[in-house]
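In this text the structure is predicted, and so the values were computed from the model without any measurement.
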Amino acid sequence: MWGRLRPEFDLIGNDAVRFFLKVFGEPVAGGDMIQTTMARGNHAPSEPYVDSVVRKFVLAATFWGIVGFLVGIVIAWQLVFPALNLDLEWTTFGRLRPVHTSAVIFAFGGNVLLATTMFVVQRTCRVRLFGGEALANFVFWGYQLFIVMAALGYVLGITQGREYAEPEWYVDLWLTVVWLAYLAIFLGTLLKRREPHIYVANWFFLAFIITIAVLHVGNNLAVPVSFTGAKSYSLYSGVQDALTQWWYGHNAVGFFLTAGFLGIMYYFVPKRAERPVYSYRLSIVHFWALLFLYIWAGPHHLHYTALLDWTQTLGMTFSIMLWMPSWGGMINGIMTLSGAWEKLRTDPVMRFLVTSIAFYGMSTFEGPLMSIKSVNALSHYTDWGIGHVHSGALGWVAFVSFGALYHLVPVLWQRSRLYSMRLVGYHFWIATLGIVLYITSMWISGIMQGLMWRAYDQYGFLQYSFIETVKAMKPYYFMRASGGVLFLIGALIMAYNFYRTIKGDLREEQPYEGAGTGQANMAKPASAVAAR
């Protein structure tokens with residue numbers, strides 16, 4: 001029973017206990033937790049939640065995800081067959097690569113975060129969004145405009161040339177306005193909440209929103225050449241510019257791609273498992289430790305450069321310390337399934353969520369390992385870094401996003417379940433195979449690169465020319481591109497599943513044994529599910 005919560009809740013207070021019982025409810029035979037909590041007399045919002053905007057973000061995330069994956073495949077094949085650059089300036093690898101990174105990080109990942117934060121904060125605070133539909137719609141359309149302006153700039157060659165911060169000054173200013181409106185919505189909703197307890201997912205979401213605002217403004221301080229032109233120059237120069245850039249770059253990973261998606265994990269894994277978080281106290285420790293340690297780890301991107309050696313060592317030290325909170329969060333997420341392990345067999349959506357946590361653990365082990373100077377001497381500038389980034393981006397960020405989206409679509413469109421749970425299973429296995437092909441090829445390629453670059457003959461000369469190392473990578477680039485194709489196929493299956501679900505269709509198929517949340521009886525009418 002949910003009432004038998006862990007002893008550590010006594011150390012936090014009864015608010016946390018009451019919160020779990022209110023938001024997640026006690027499991028019942030039908031698997032619908034919210035109907036149970038409502039029946040017990042918990043406070044329902046006086047007005048319906050603002051879900052129309054959340055639906056738009058879900059659709060935008062699905063669209064931009066497919067676009068981002070497709071552009072990634074194009075540039076992956078360009079590395080195998082350079083003729084695919086088409087000898088056009090707009091379709092070269094250098095122009096399309098930032099389109100891919102921004103599309104998958106900010107367009108796909110950003111829309112997922114905006115959708116989930118607005119969905120979760122309303123239900124954990126039991127109030128409508130601050131500012132209502134008007135302000136939320138401004139954030140939605142403003143954010144889509146930012147994505148389009150940034151992508152057009154990349155293709156046309158209008159860029160600052162800063163990793164993950166390529167948009168020029170006028171795009172940065174617009175994003176700042178939109179992001180402050182987003183912060184106002186989230187913070188205002190928390191302030192007017194009807195629940196005394198602020199659930200831990202909201203702490204992660206709030207840290208992500210505030211820190212990204214600080215990073216964005218701090219890294220993009222620049223002087224435009226003209227207010228009628230696109231070009232600007234950074235206020236920083238030299239090694240200070242490099243350090244500021246990787247303070248931003250690493251913490252964009254730490255707070256946009258980690259803290260924000262950990263908030264998703266802390267809501268959707270317990271929700272889908274119908275279990276409380278394994279250790280609420282550990283989740284609080286996880287939050288504060290991650291918040292303090294991550295912000296200092298950026299200098300490990302600048303090993304063996306002009307950056308002061310002690311600063312490099314400081315970044316390495318904090319990176320290694322990040323092992324502890326990262327793995328604490330991983331253990332907390334996976335152990336939330338205690339007593340519900342059968343859901344890995346019966347619920348393919350849960351497979352996405354739990355596999356994403358496993359990839360989170362793996363990538364947060366590999367990252368600190370690669371920050372060690374002796375390891376970095378081999379791995380830096382090689383494809384090993386590409387493999388590491390994509391084990392986190394595809395395995396952690398994309399998989400936890402897929403799991404959240406699969407949960408949200410039937411809830412937001414008030415369907416009894418997804419059109420086909422079998423298609424979810426196909427998506428999972430196809431995408432997993434794609435990730436394995438991708439990251440293993442890049443690991444092999446990267447280590448081979450590093451070893452070939454440092455190989456000397458008996459006379460002390462380099463054993464391989466640079467072009468020989470490039471030629472040796474071609475089979476692995478082919479394997480990487482093939483893995484990307486599989487990942488895109490999985491995303492297209494998901495989009496088709498969403499389309500049929502939104503239409504209200506239900507595929508006649510053999511249900512998974514002991515189907516849980518999201519797999520209601522097929523005879524149940526599609527409109528019978530309350531907003532969860």
Side-chain angles (χ1 to χ4, degrees), residues 61 64 68 72 97-114 116-117 143 146-147 150-151 153-154 159-169 171-176 178-180 182-183 204-222 234 236 241-264 290-302 315 318-319 322 325-326 360 363-364 366-368 370-371 385-386 388-398 400-401:
W64 288 119
R97 192 259 179 182
V99 174
H100 163 63
T101 55
S102 288
V104 293
I105 296 172
F106 300 113
F108 171 63
N111 276 291
V112 168
L113 285 168
L114 285 156
T116 52
T117 51
Y143 196 73
F146 151 70
I147 293 166
Y154 303 154
T159 170
Q160 293 188 86
R162 305 171 76 86
E163 187 79 358
Y164 309 133
E166 288 92 348
E168 270 289 0
W169 65 274
V171 183
D172 290 335
L173 282 177
W174 176 247
L175 179 59
T176 303
V178 173
W179 203 260
L180 289 175
Y182 175 38
L183 173 60
F204 279 96
F205 288 145
L206 186 61
F208 136 69
I209 297 169
I210 292 175
T211 309
I212 290 300
V214 173
L215 294 169
H216 172 71
V217 173
N219 185 53
N220 288 296
L221 292 176
S234 172
Y236 313 105
D241 187 34
L243 180 58
T244 305
Q245 163 58 28
W246 283 111
W247 165 75
Y248 164 87
H250 186 76
N251 287 297
V253 173
F255 288 88
F256 198 95
L257 298 178
T258 303
F261 288 91
L262 284 170
I264 295 176
L290 199 76
L291 205 68
F292 175 72
L293 295 176
Y294 229 121
I295 205 77
W296 303 102
H300 75 225
H301 288 269
L302 297 170
F318 275 91
S319 300
L322 271 171
S326 299
Y360 170 67
S363 58
T364 54
E366 186 183 24
M370 294 173 70
S371 75
I386 309 301
H388 164 62
V389 166
H390 283 80
S391 68
L394 302 180
W396 159 236
V397 172
V400 77
S401 298

- Message: Could you tell me if the side chain of Y294 sits less than 4.5 Å from the side chain of N251, heavy atoms only?
- Response: yes

- side-chain hydrogen bond (donor to acceptor under 3.5 Å, both in side chains) involving N111 - partner list, sequence neighbours excluded: Q144

- Message: Has S363 got a side-chain atom pairing as donor or acceptor with Y360's backbone, closer than 3.5 angstrom?
- Response: yes

- Message: Could you measure the distance from the CD1 atom of I105 to the CH2 atom of W64? Nearest 0.5 Å is fine.
- Response: 15.0 Å

- Message: Walk me through whether F261 and I264 qualify under side-chain contact (heavy atoms from CB on, under 4.5 Å).
- Response: CA-CA 5 Å; F261 288 91; I264 295 176; 3.5 Å; yes

- Message: Could you work out, with side-chain hydrogen bond (donor to acceptor under 3.5 Å, both in side chains) as the rule, every residue matching Y182, not counting sequence neighbours?
- Response: T117

- Message: If we ignore hydrogens and angles and just use 3.5 Å, is the side chain of H250 paired with the main-chain N or O of P299 as donor and acceptor?
- Response: no

- Query: Should T176 and N220 count as side-chain neighbours, where that means a heavy-atom distance under 4.5 Å?
  - Reply: no

- Query: Taking atom CG of L243 and atom NE2 of H301, what is their separation to the nearest 0.5 Å?
  - Reply: 11.5 Å

- For S319, check side-chain hydrogen bond (donor to acceptor under 3.5 Å, both in side chains) against everything at least two apart and list the hits. H300

- Flag side-chain contact, heavy atom, 4.5 Å: L206 against L183: yes

- Would you please name every residue forming a side chain to side chain contact (heavy atoms under 4.5 Å, CB included) with V104, sequence neighbours left out? F69, H100

- Task: Kindly say whether Q245 contributes a backbone atom to a donor-acceptor pair with the side chain of E163 at under 3.5 angstrom?
- Result: no

- Counterpart residues, side chain to side chain contact (heavy atoms under 4.5 Å, CB included), relative to V214 (two or more places apart): W247

- Hey, could you give me the CZ/OG1 distance between F256 and T211, rounded to the nearest 0.5 Å? 12.5 Å

- Message: Measuring only between side-chain heavy atoms, which start at C-beta, is F146 closer than 4.5 Å to V178?
- Response: no

- Message: So which atom in T244 and which in G218 form the shortest heavy-atom distance, rounded to 0.1 Å?
- Response: CG2-O, 4.2 Å

- Query: Do the ring planes of F208 and W179 sit parallel (below 30°), tilted (30 to 60°) or perpendicular (above 60°)?
  - Reply: perpendicular

- Between V112 and S401 the two heavy atoms that sit nearest each other are CG1-OG, 3.6 Å

- Least distance between heavy atoms, P368 atom then S371 atom: O-OG, 2.6 Å

- Heavy atoms only: give me the nearest P325-L293 pair and the separation to one decimal. CG-CD1, 3.9 Å

- Query: Counting N and O atoms only, with roles assigned by atom type, does the side chain of T258 sit under 3.5 Å from a partner on the main chain of F255, one being a donor and the other an acceptor?
  - Reply: no

- Does the Q160 side chain pair with the main chain of E168, one donor and one acceptor, at a distance under 3.5 Å? no

- Item | CD1-CG distance between I295 and L215, expressed to the nearest 0.5 angstrom | 5.5 Å

- Kindly check if the number of other-residue, nucleotide or ligand heavy atoms within 6.0 Å of CH2 (W246) is above 12? yes

- Note on the structure: Heavy atoms of A150 and P167 approach each other most closely as CB-CG, 3.9 Å

- Note on the structure: Taken in chain and number order and not counting sequence neighbours, the residues that satisfy side-chain hydrogen bond (donor to acceptor under 3.5 Å, both in side chains) with Y143 are none

- Query: How far apart are the closest heavy atoms of Y154 and S102, and which atoms are they?
  - Reply: OH-OG, 2.9 Å

- Message: If the test is side chain to side chain contact (heavy atoms under 4.5 Å, CB included), which one of L291, L262, I209 qualifies with F204?
- Response: L262

- Would you indicate whether the side-chain heavy atoms of W396 and L257 approach each other to under 4.5 Å? no

